[in-house]
Structure formats: C-alpha cells, structure tokens
Student: 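Quick one: the structure is below, and I'll ask about it shortly.
Order of the sequence lines fixes the chain letters, A, B, ..., with proteins taken first and strands second; residue numbering starts at 1 for each chain. No experiment lies behind these values; they were computed from the predicted model shown.
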Amino acid sequence: MKLYSAYQALEREVRDAFNRALPGDLAGPGISVEKAPPDRGDLAVNLYRLFRDEDMAVKMANEIAGKIKNSSRYIMDARSEGGYVNIRIEPNLYGKLVWDVVTSMGGTYGFNPHPSPIRIIIEHTSANPVHPLHVGHLRNAILGDALAKVLRARGHTVEVHFYVDDVGLQMAYAAYGYEKVKHVKRDVKPDHYIGLVYAIVNAIVNVRELDGKRRTEEDPARRAEIDRELLDWLWVSKELMERDEELFSILSEATKRENPLARILEINRAYEAGEEWAVKLVREVAGLCIEGFKQTLSRMGISFDKWDWESDVAVWNGLSDEVIRQLKEAGYAHVDRGAIVFEADKLAEDAEIRRKLGIPENFTVTPLTLMRSDGTTLYATRDIAYSLWKFKQGASRVVNVIAAQQSLEQIQVKLALYALGYVKEAENVIHFSYELVTLPGVKMSGRRGRYVSADELIDEAVKRACEELVKRGLEPEENRDVAERVGIGAVKYAMLSISPLRPLSFKWEKILDFERNSGPFIQYAYVRARSILRKAGDLKPGVPEGAFGEEEKKLLLLVSYLPEVVAKAADELKIESLAQYLNELALAFNSYYDKVPILKAEPREKAQARLALVKMVAITLENGMRMLGIDPPHRM
RNA sequence: GGGCCCGUGGCCUAGCUGGAAAGGCGUCGGCCUCCUAAGCCGGAGAUCCCGGGUUCGAAUCCCGGCGGGCCCGCCA
C-alpha cells in the first residue's frame, strides 16, 4: 500500500504506544494526537479527553509518560505535564520517512485520497453576463478554484461549471441598451462596455418608473420612500453621465420615444420563448461579456470545464416547465393571481425534513414564486431545474459557491428537489456560502455601475508588485511574469486566508499586503528555498544516518502535515486552513534559514540533510500554493 | 417584526465536534563583510461583546441580551 502521509504513520505509532501503555479496557482508537505548544514538545496527547477527571488525568499522564518513553523508535522522550503527555519525536528516523514520502510523491505530494471518492460538480463565479467581474466575484472565483483543486487533491473527480445566467430581466436590460448603442465604439474590454450600458439603462428606467410612481402615490410616507429612491438613482445617473456623456444621451433620447420597460419585458419574454431575433441579440451581448470574463479569469489562472447556458440547460429543454408541472402535480404548488407558487414554507414545517437537509431549526422559509403571471419563469425556478440537470450529468454532490445573501434561495432549491422526490440529491446540494466584499462607505452594485472591477484590482496588484521588483533591482520588463504571479498571489491569498463567512472590507493596503502572512511572503520563502537548491552545486540532498537534529524537527513535522491539512481542507471545505498552514511553514522556514547555515554546514552529511529538508520545504510550499491557485515565481 | 451569519490585544484574523488563548498589522528595541532583509530575533499590549446556565473544566455548548452585516420580491 502506498503511503501518502508520513504523519499518519507517526500518529499511528504514537497511538499504538499509548494503547500498549493504557489499561486494556481503555485502549482503543480514541486517543487523539495533537500538536504540542512550542517548548513543551512536538506532539501531545490530552488525557482529560479520556478520563474526564482532573486528578485521574494527571495521575495517568504520569504513569503513561514513563511507560511509553522507550516503547517506540519514533518516540525520543515523553513527559507528563498537567494532564497532557508531551512527546518528543526522534528526528532521524522520522526525517527519513518524511523524505521517502515527499520525494516519491514529488509534484503530487499532498495528494491524500479519500477512502470513498465521489464525483463532484462545483459551480462558481456565475456572474451575470451584463457587467465585468468585480472584486466580489473575484472572491467567489478564487474560492471556487481553490476548492476544486483541493477536492481533486483529496482524490475526488471534480468538474467545474460556470452558470451563464442569460435568462432574466437583467439580461434584457443590457440587451435593450446594447441594441441602441452598438454602433458606438469604445476602446475598453467588451464586458466593461456592456457594464456601462447596463448601468445607464438601469438608471434611466428606474428614474422614469419612480417618477411615474410618485405622481400617483397618495400615501405621504410611501411617497417619501419613493423620493429617496428616486434621489439615489438621480445621483447614479449623474455619475454615469459624467463617465460617458455620449452613451448616456443616446440612451436617454431613445427611451423618450418609447416605453423602455415594456420593450425590456418583451425581450425577456421572447428570449425565454426562443424567438430568433431575441436569441440573436441576447446571445451577442452575453457572449461579449463572457469574452471579457474569460480574459480576466485566464489572467488569474482560473478555468472552467463547462459553461452552462441557463437557456439551454434549464429553459429551452423544458426542464423548468417540467419542474413546475411536477411540483403542482405533487401538490406542493398552487396558483395565486395567475402566478404559480411553491409552498416551500409548508414543507419546511416538517422537522424531519429540516434535519435531513441541514436547515437550521428556526430558519424562516418563505413561499417561492415559480412562474410569473405572464408565463415566464424566475431565477430560483431555473436554478431548481439546473440543480437537477447537474445531478443528471453524473455528479453525486454539487457544491455551489454562492453569496451568503442567497441562503434562503438555496434552501428553497433544496426543498424543491426534496418535494420532487430527489431526496439524495437534495441532501447533496452544498451551499458553499461566502460573505460580500464591501467598499468602505459605498455599496457595490452592478446595476448602479458602482464597483471595483476585478481587472482594476489585478492591474493595481501587478503594478505594486512591479514597484517592489524595481526596489530590489530587478528589471520590470524582464520580470513581467514574476510581477503577475506576485501581484495575483497577493490578491488570492488575501481572499483565501480568512474565513469566507467573514465580510471582507475592501482596502487596497490589506489586499495588496506583501509582508508576513501574505501570498508574496509564502512565495518569497519558496524562492529562497529554490535559490539554495540552485546553488548547491555538487552537494546532493540526502538523509545520512544521524544528520537531522533538533533544529530540523519543527520543519520536518510541518512538511509532513500537508496531506493532513489537505484532508481537512477538503472534507470540511475549509480552504483557509491550507492558506494558514502554508504561512506557518513559510514562517518556520524563514526562521530556520536565518538560524542555520545550509550549504556551508559541517560536516558534509549535515549539509546534505539540510539540503534535503530545503527541498522538501520547496516541494511542500509549491504543491500547497498550486492547490490554492497561487503560482510560485522562480525569483523575486 | 422574524430569521441567518459575525463579535477574540489599538486594527485585521486563527482557534469554536469543551481541556496549555495562536498569528499578522501597528508600536518599542535589536540584526545585512556569510545561502535574496518581501526576511530574522526580542519587548509591551487580551475582563475571548455582556449576563445567566450546563460541566471537574467554557473563547468553544445552551438560554437571554447588546452591536454590526445580510435575507424575508411575479429581482437575480
């Protein structure tokens, strides 16, 4: 059997030693081995967990520490400290084991297959094709990409999908505007162009509609509310007019000659019905945006296996209609003023269903409209159809990387699958939720054209990386590639190292941090390691008898954790644990680098062993970074 | 109004299947004739939001507050 993790072998060794030392009735798999605090040892076993009584735990710790001291070749020393047994491991034997695993795995080190791997479809990013990707989508894309890579390292078969949301009113808004201005050329990426047009149409239509509403509104409170909204959109209009006067006036004029909203609704209806003129128009607009997305994503090193057009997978094939029909037939949907409503709330009253689907006990579920009275479907309806479609592609689990705002909708989708009789599927739709990226002071809004685009962020990141290169005497022209890797690495790490459940307030200096606990910090440690390996000359890495000492232990242990960290990151969908682990490894390596000579170590065996350690660190850092989607530079 | 998420040194964050409070930024002090100083070493700095409860033991679990974000649409 192939050994993927040296640490796992070590842990088993320690557990066995404990089981031999424990009274027979207490022995078993319950021993959990953890990391000891620095200065107390390498590994620790907490006996409180086993005995639940303070005096007893302390007493047993004393007893066991004495017994296991010489009970395994890997254990150098064991000491009892207040209910814990702190263990020091023997660096040479363990070092040899780690070396064997790391070098035999090489570029695949970290791969740690799950005992029962499955087929997973990850859907991420899925931005509406009506504006460029902004920093919020970037968080989504970076998380989704890393998630896919980590799950693959866990042995799962992963397919990454982008859901092109080409059906819906937002698309019709963009298409409506594009129809009027497509003859006007602008020297920007296509998605930026569409984004501007989309925002202008939104502003014009909203101002027009709100103005109409306020004239007929009798209730003063309600009227004040409308006035506030109107004022907001007037401000937005002013901003957009300043950005592109010509486009704004063309669209403004056009909307005076007709009712834009009626036309937008018509485009939406015709597209959903598959009428040729609408298909041609909408696909052209969406296609332009997608082209822009692909440019941005490819620069980020993020790619997709499939681009699922909502119209294809959920509408024109009749799947959404089928979902509605079956929900009605099953008695979970009713007609309300011409619209069809799914009774998700009633279904959610059943505590057993909640438990099965992992819906929090008190979560308030509301009914869900499936079909408008004009016969068109809604986003959530199509999402139900799409979820079914994903399972039909052979997935046994579906992970949706979607903003936390959509928690209710995701639960409604689950409930609909359940109601349709797809119980297993409902249980296996995972909402990988993440919080928004907020701009201090302003609310990001695609409809208002207010956002920091992903392209701007990447440009700025790369620019700052370039400035750093110049400071270090590296020619920026020759190091374009390094600047790209470092700048983008900084952005990715910033978004991966903190929990996705924490709102991220966007600050340039925080995201473009190049110091400790950053992407570049990890890249730098890697570059230093590579640099030593390059300069090694005749010295070959190896693990001669007795060449590893106390100084090496911390790094050896850290290197050997990678497969464990991968397992945790994949099984618990906690990418941040991998990011933080790499930071810890880089920190430890930098400290080691400063403390001991490597190439000049005496005797030669010591230098060989240290070089071997440097190589292991380089491999570990590189593989870890790749799993996060961070590219390792060759120098910096 | 109901619900979901978050609340840890001045700031940002890890720990949250209960058992030894962990990093970064900032701050104060030190380290480049030696493998890249995007670095390293050291100091100061914490009523783990508040109040109860469960437990031998709570940052972690339960209840009740408070503060912030989000959701409750024939939008997506």
Student: Choose from B/G39, B/C4, B/A20 the nucleotide whose nearest atom is closest to any side-chain atom of A/Pro37.
Tutor: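 Looking only at side-chain atoms, A/Pro37 lies closest to B/A20.
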Student: Compare side-chain N and O positions of A/Arg372 against OP1 and OP2 of B/C74 and report whether any pair is under 4.0 Å apart.
Tutor: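 No.
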Student: Tell me the interatomic distance from A/Ile359, atom CD1, to B/C5, atom P, rounded to whole angstroms.
Tutor: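 Computing the A/Ile359:CD1 to B/C5:P distance gives 13 Å.
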Student: Nearest to the A/Asn362 side chain among B/G23, B/G73, B/G3, which nucleotide is it?
Tutor: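 For the A/Asn362 side chain, the nearest candidate turns out to be B/G3.
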Student: Whole angstrom is fine here: how far is it from CD in A/Glu572 over to C1' in B/G15?
Tutor: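 In whole Å, B/G15 C1' and A/Glu572 CD are 13 Å from each other.
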Student: Contact class for A/Lys600 (heavy atom, under 4.0 Å): base, sugar-phosphate, or nothing?
Tutor: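 The residue A/Lys600 makes sugar-phosphate contact but no base contact.
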Student: How many Å lie between CZ on A/Arg49 and P on B/U60, as a whole number?
Tutor: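 Distance check: A/Arg49 CZ to B/U60 P gives 16 Å.
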Student: Checking all strands, does A/Ala44 fall into the base, sugar-phosphate, or nothing category for heavy-atom contacts under 4.0 angstrom?
Tutor: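 Base: the residue A/Ala44, judged by heavy atoms under 4.0 Å, touches a nucleobase.
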Student: Is there side-chain contact between A/His131 and A/His137, with heavy atoms separated by less than 4.5 Å?
Tutor: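 The answer is yes, as the side chains (C-beta and beyond) meet within the 4.5 Å cut-off.
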Student: Rounding to a whole Å, what distance do you find between A/Leu436:CG and B/C70:P?
Tutor: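 Rounded to the whole Å, the gap is 8 Å.
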Student: Round to the nearest Å and state the distance from A/Arg516 atom CZ to B/C11 atom C1'.
Tutor: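 The answer, rounded to whole Å, is 16 Å.
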Student: So, is A/Tyr524 near the phosphate of B/A38, with a side-chain N or O under 4.0 Å from OP1 or OP2?
Tutor: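 The answer is yes; a side-chain N or O of A/Tyr524 sits under 4.0 Å from OP1 or OP2.
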Student: May I ask you to decide if A/Arg372's main-chain N or O and A/Thr376's side chain share a donor-acceptor pair within less than 3.5 Å?
Tutor: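 Checking the backbone N and O of A/Arg372 against the side chain of A/Thr376, no donor-acceptor pair under 3.5 Å is found.
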Student: Atom NZ of A/Lys35 and atom C1' of B/G15: how far apart are they, to the nearest Å?
Tutor: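 In whole Å, B/G15 C1' lies 11 Å from A/Lys35 NZ.
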Student: Under 4.0 Å between any heavy atoms, over every strand shown, what does A/Asn46 touch: base, sugar-phosphate, or nothing? Just pick one.
Tutor: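 Contact class for A/Asn46: base.
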Student: Which nucleotide sits closest to the side chain of A/Glu435: B/C74, B/C40, B/C5?
Tutor: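 When the side chain of A/Glu435 is considered, B/C5 is the closest of B/C74, B/C40, B/C5.
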Student: State plainly whether the residues A/Glu468 and A/Arg472 are in salt-bridge range, i.e. N to O under 4.0 Å.
Tutor: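 Counted as a salt bridge, because a side-chain N and a carboxylate O are separated by less than 4.0 Å.
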Student: Between A/Thr364 and B/G3, is there a side-chain N or O to OP1/OP2 distance below 4.0 Å?
Tutor: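 No, A/Thr364 has no side-chain N/O under 4.0 Å of OP1/OP2 on B/G3.
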Student: Is A/Val341 touching bases, backbone alone, or none of the nucleic acid, heavy atoms closer than 4.0 Å?
Tutor: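 Here A/Val341 touches no strand at all.
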Student: Measure from the side chain of A/Ala339, starting at C-beta and using heavy atoms only, and say which of B/A76, B/C74, B/C40 lies closest.
Tutor: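 Looking only at side-chain atoms, A/Ala339 lies closest to B/C74.
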Student: Looking across every strand, which nucleic acid part, if any, lies under 4.0 Å from A/Arg337 by heavy atom: base, sugar-phosphate, or nothing?
Tutor: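 Base, at least one base atom sits under 4.0 Å.
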Student: Return the value, rounded to whole Å, for the distance between atom CD of A/Glu515 and atom C1' of B/G39.
Tutor: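 Interatomic distance, CD of A/Glu515 to C1' of B/G39: 10 Å.
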Student: Distance under 6.0 Å and angle within 45° of the ring axis: does A/Arg464 meet both against A/Phe514?
Tutor: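 Not flagged: A/Arg464 not positioned over aromatic ring of A/Phe514.
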Student: Could you check A/Ser505 against A/Leu408 and say which one's nearest nucleotide on RNA chain B is further toward the 5' end?
Tutor: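 Its nearest nucleotide lies further toward 5', so the answer is A/Ser505.
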Student: Answer with yes or no whether the side chains of A/Asp383 and A/Tyr163 bring together a donor and an acceptor at under 3.5 Å.
Tutor: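 Per modelled atom types, A/Tyr163 and A/Asp383 side chains form no pair under 3.5 Å.
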Student: Tell me which nucleotide among B/G73, B/A38, B/C6 gets nearest to the side chain of A/Leu501.
Tutor: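 Between B/G73, B/A38, B/C6, the one nearest the side chain of A/Leu501 would be B/C6.
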Student: Using the side chain to side chain contact (heavy atoms under 4.5 Å, CB included) rule, pick out the option among A/Ile598, A/Val617, A/Leu611 that qualifies with A/Leu533.
Tutor: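 Of the listed residues A/Ile598, A/Val617, A/Leu611, the side chain to side chain contact (heavy atoms under 4.5 Å, CB included) partner of A/Leu533 is A/Leu611.
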Student: I want to verify the glycosidic state of B/C32; is it syn or anti under the 90° rule?
Tutor: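 Nucleotide B/C32 adopts syn.
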Student: Given atom CG of A/Leu47 and atom P of B/C56, what is their separation to the nearest angstrom?
Tutor: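 Result: 19 Å.
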Student: Check whether A/Asp166 reaches the backbone of A/Glu310 with its side chain - one donor and one acceptor, N or O, closer than 3.5 Å.
Tutor: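 Present.
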Student: If you check every side-chain atom of A/Arg382, which of B/C4, B/A76, B/U36 has the closest atom?
Tutor: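 Of the candidates, B/A76 comes closest.
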Student: Would you call A/Arg263-A/Glu266 a salt bridge at under 4.0 Å N-O?
Tutor: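 The answer is no: the pair does not qualify as a salt bridge.
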Student: My understanding is that a pair needs two contacts under 3.5 Å, Watson-Crick or G-U wobble. By that rule, which nucleotide pairs with B/C4?
Tutor: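 Pairing partner, where one exists within any strand: B/G69.
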Student: Reckon A/Ser591 has a side-chain N or O less than 4.0 Å from the OP1 or OP2 of B/C41?
Tutor: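 Indeed, a polar side-chain atom of A/Ser591 lies that close.
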Student: Nearest of B/C4, B/C40, B/C6 to any side-chain atom of A/Phe363?
Tutor: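 So the nucleotide nearest the side chain must be B/C4.
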Student: Any stacking of A/Phe521 on B/A38, going by centres under 5.5 angstrom and planes within less than 30 degrees?
Tutor: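 No, the aromatic ring of A/Phe521 does not stack with the base.
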Student: By a 5.5 angstrom centroid cut-off and a 30 degree plane limit, is there stacking between A/Tyr48 and B/G19?
Tutor: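 Answer is yes, a stack.
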Student: Donor-acceptor pair, distance only, cut-off 3.5 Å: does the side chain of A/Arg610 make one with the backbone of A/Leu599?
Tutor: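 Absent.
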Student: Among the nucleotides B/G69, B/C40, B/C72, which one has an atom lying closest to any side-chain atom of A/Thr366?
Tutor: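 Output: B/C72.
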Student: Compare side-chain N and O positions of A/Tyr84 against OP1 and OP2 of B/A20 and report whether any pair is under 4.0 Å apart.
Tutor: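 Indeed, a polar side-chain atom of A/Tyr84 lies that close.
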Student: Taking atom CZ of A/Arg88 as the centre, report whether more than 12 heavy atoms of other residues, nucleotides or ligands fall under 6.0 Å from it.
Tutor: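 Check passes, neighbour count above 12.
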Student: Using a cut-off of 4.0 Å on non-hydrogen atoms, how would the nucleic acid contact of A/Val614 be classed: base, sugar-phosphate, or nothing?
Tutor: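 Touches nothing.
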Student: Is A/Arg530 near enough to B/U36 that one of its side-chain N or O atoms lies under 4.0 angstrom from OP1 or OP2?
Tutor: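 Answer no for this pair, as no side-chain N or O of A/Arg530 is under 4.0 Å from OP1 or OP2.
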Student: So does A/Arg528 get a side-chain nitrogen or oxygen closer than 4.0 Å to the phosphate oxygens (OP1/OP2) of B/A38?
Tutor: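 A/Arg528 to B/A38 OP1/OP2: no side-chain N or O under 4.0 Å.
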Student: With a 3.5 angstrom cut-off on both distances, give the Watson-Crick or G-U wobble partner of B/C40, or none if there isn't one.
Tutor: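 Pairing partner, where one exists within any strand: B/G30.
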Student: Touch check for A/Met636, heavy atoms < 4.0 angstrom, all strands: base, sugar-phosphate only, or nothing?
Tutor: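 Contact class for A/Met636: base.
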Student: Name the nucleic acid region contacted by A/Val596, choosing base, sugar-phosphate or nothing; use a 4.0 angstrom heavy-atom cut-off, strictly under.
Tutor: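 Base contact.
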Student: When we call it a touch if two heavy atoms are under 4.0 Å apart, what does A/Gln580 touch: a base, just sugar-phosphate, or nothing?
Tutor: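 A/Gln580: backbone/sugar contact only, no base atoms under 4.0 Å.
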Student: When all nucleic acid strands are considered with a 4.0 Å heavy-atom cut-off, which category describes A/Leu265: base, sugar-phosphate, or nothing?
Tutor: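 The residue A/Leu265 makes no contact with any strand.
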Student: Can you say whether a donor on the side chain of A/Asp39 sits under 3.5 Å from an acceptor on the base of B/A20, or the other way round?
Tutor: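 Not at all, since no donor on one side and acceptor on the other fall under 3.5 Å apart.
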Student: Mark yes or no for a side-chain to base donor-acceptor pair under 3.5 Å between A/Ser407 and B/C4, with no hydrogen or angle criteria applied.
Tutor: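 For A/Ser407, whose side chain was compared with the base of B/C4, there is no donor-acceptor pair (under 3.5 Å).
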Student: Which nucleotide in the set B/A20, B/G15, B/A38 lies at the smallest distance from any side-chain heavy atom of A/Arg472?
Tutor: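 Selected nucleotide: B/A38.
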Student: Which nucleotide in the list B/U36, B/G23, B/A38 gets nearest to the side chain of A/Val486?
Tutor: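 Out of B/U36, B/G23, B/A38, the nucleotide with an atom closest to A/Val486's side chain is B/A38.
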Student: How is A/Ala404 classified with respect to the nucleic acid when contacts are heavy atoms under 4.0 Å: base, sugar-phosphate, or nothing?
Tutor: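 Counting heavy atoms under 4.0 Å across all strands, no contact is made by A/Ala404.
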Student: Using heavy atoms to find the nearest nucleotide of RNA chain B for A/Tyr592 and A/Glu361 separately, return the residue whose nucleotide is more 5′.
Tutor: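 With A/Tyr592 and A/Glu361 compared, the 5'-side residue is A/Glu361.
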Student: Across the strands shown, which category fits A/Leu599 at heavy-atom distances under 4.0 angstrom: base, sugar-phosphate, nothing?
Tutor: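 Base: the residue A/Leu599, judged by heavy atoms under 4.0 Å, touches a nucleobase.
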Student: Just call it for A/Ser499: base, sugar-phosphate, or nothing, with non-hydrogen atoms closer than 4.0 Å on any strand.
Tutor: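 Sugar-phosphate only.
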Student: Applying a 4.0 Å non-hydrogen cut-off, can you work out what A/Asn268 is touching in the nucleic acid: base, sugar-phosphate, or nothing?
Tutor: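 The residue A/Asn268 makes no contact with any strand.
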